[in-house]
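Taking it in order: structure first as structure tokens, then the write-up.
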Amino acid sequence: MTKQRLVKMTGGDQNILVKALRSAQESVGPELSGRLQALIDKALAAPKRRLYLSDEEYQYAALSLNGMRNDYLAAERSCGGIDRLLIKLMQAKYRCAPAR
């Protein structure tokens, strides 16, 4: 078992994260796009909406959510749900991830 960050998500949080990762995936190269696709698949298949993130995946998720938040603020749209998920992500504690 390895130590990874545990993010407990709701259904809405899961949708926001996937949408942010997909929008980030469109603007990056093919190598990083494959890694983001793997993270999208992992987020969609998270058992009981408990997502265990490695440090690299954590960084991708935080950057993509922050980029989506910036886009929403530039368009003068509400970003409350994104803010809540970003706070959950930043406050995620390290836990022993079960072997999968």
Side-chain angles (χ1 to χ4, degrees):
M1 293 215 273
T2 61
K3 294 253 183 190
Q4 293 185 343
R5 293 182 187 260
L6 171 63
V7 181
K8 297 177 185 175
M9 302 183 295
T10 64
D13 292 342
Q14 188 178 28
N15 291 337
I16 291 171
L17 180 60
V18 169
K19 185 175 179 181
L21 289 169
R22 285 198 175 133
S23 67
Q25 187 180 23
E26 294 171 358
S27 62
V28 296
E31 180 183 322
L32 188 56
S33 179
R35 291 181 185 164
L36 289 176
Q37 183 60 45
L39 182 54
I40 290 169
D41 295 340
K42 185 176 180 179
L44 289 173
K48 297 182 184 177
R49 293 193 178 97
R50 291 173 178 247
L51 182 61
Y52 290 92
L53 297 173
S54 67
D55 289 336
E56 183 182 14
E57 293 168 337
Y58 173 80
Q59 183 180 10
Y60 292 149
L63 291 175
S64 63
L65 282 170
N66 200 28
M68 185 177 180
R69 182 179 184 274
N70 289 340
D71 293 341
Y72 272 51
L73 289 174
E76 297 182 8
R77 294 177 63 185
S78 172
C79 60
I82 300 168
D83 290 341
R84 282 190 295 275
L85 180 56
L86 199 53
I87 289 170
K88 280 184 186 179
L89 188 69
M90 295 298 159
Q91 293 178 343
K93 305 272 189 217
Y94 281 101
R95 300 283 186 244
C96 289
R100 302 217 184 269

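The OG atom of S64 sits 6.0 Å away from the CG atom of L17 when rounded to the nearest 0.5 Å. One finds the CG atom of N66 at 5.0 Å from the CG atom of N70 (value rounded to the nearest 0.5 Å). With values rounded to the nearest 0.5 angstrom, D55 atom CG is found 3.5 Å from Y94 atom OH. Here the OG1-OH distance, from T2 to Y52, works out to 10.0 Å after rounding to the nearest 0.5 Å.
Looking at D83 and Y72, their side chains never bring a donor and an acceptor atom within 3.5 Å of each other.
Qualifying side chain to side chain contact (heavy atoms under 4.5 Å, CB included) partners for Q59, counting only residues two or more places apart in sequence or in other chains: L63. Residues meeting the side chain to side chain contact (heavy atoms under 4.5 Å, CB included) test with D41, sequence neighbours left out: Q37. K19 meets the salt bridge (charged side-chain N to carboxylate O under 4.0 Å, His left out) test with no other residue; sequence neighbours excluded. Applying the salt bridge (charged side-chain N to carboxylate O under 4.0 Å, His left out) criterion to E56, with sequence neighbours excluded, gives R35. Residues satisfying the side chain to side chain contact (heavy atoms under 4.5 Å, CB included) test with T10, not counting sequence neighbours, are D13, K88. With sequence neighbours left out, K8 forms a salt bridge (charged side-chain N to carboxylate O under 4.0 Å, His left out) with no residue at all.
Remark: side-chain polar atoms of R5 are paired, donor with acceptor, to backbone N or O of A92 under 3.5 angstrom. Remark: the backbone N or O of L36 is not paired with any side-chain donor or acceptor of Q25 at under 3.5 angstrom. A distance-only check finds no donor-acceptor pair linking the side chain of Q4 to the backbone of R95 [under 3.5 Å].
Among all heavy-atom pairs drawn from A61 and L21, the shortest one is CA-CD2, 4.3 Å. Summarising the geometry of L65 relative to I82, their closest heavy-atom pair is O-CG2, 3.7 Å, with the distance given to 0.1 Å. For L51 against M9, the heavy-atom pair with the smallest separation is CB-CE, 3.9 Å. Counting all heavy atoms, side chain and backbone alike, V18 lies closest to A43 at CG2-CB, 4.3 Å. Annotation for V28 and S33: closest pair CG2-N, 3.9 Å, computed over non-hydrogen atoms. The two residues M90 and A62 have their closest heavy-atom pair at CE-CB, 3.7 Å.
Transitive grouping of hydrophobic side chains (ILVMFWY, heavy atoms separated by less than 4.5 Å) brings M68 and L32 into a common cluster. One hydrophobic cluster, built from ILVMFWY side chains closer than 4.5 Å, holds both L44 and I16.
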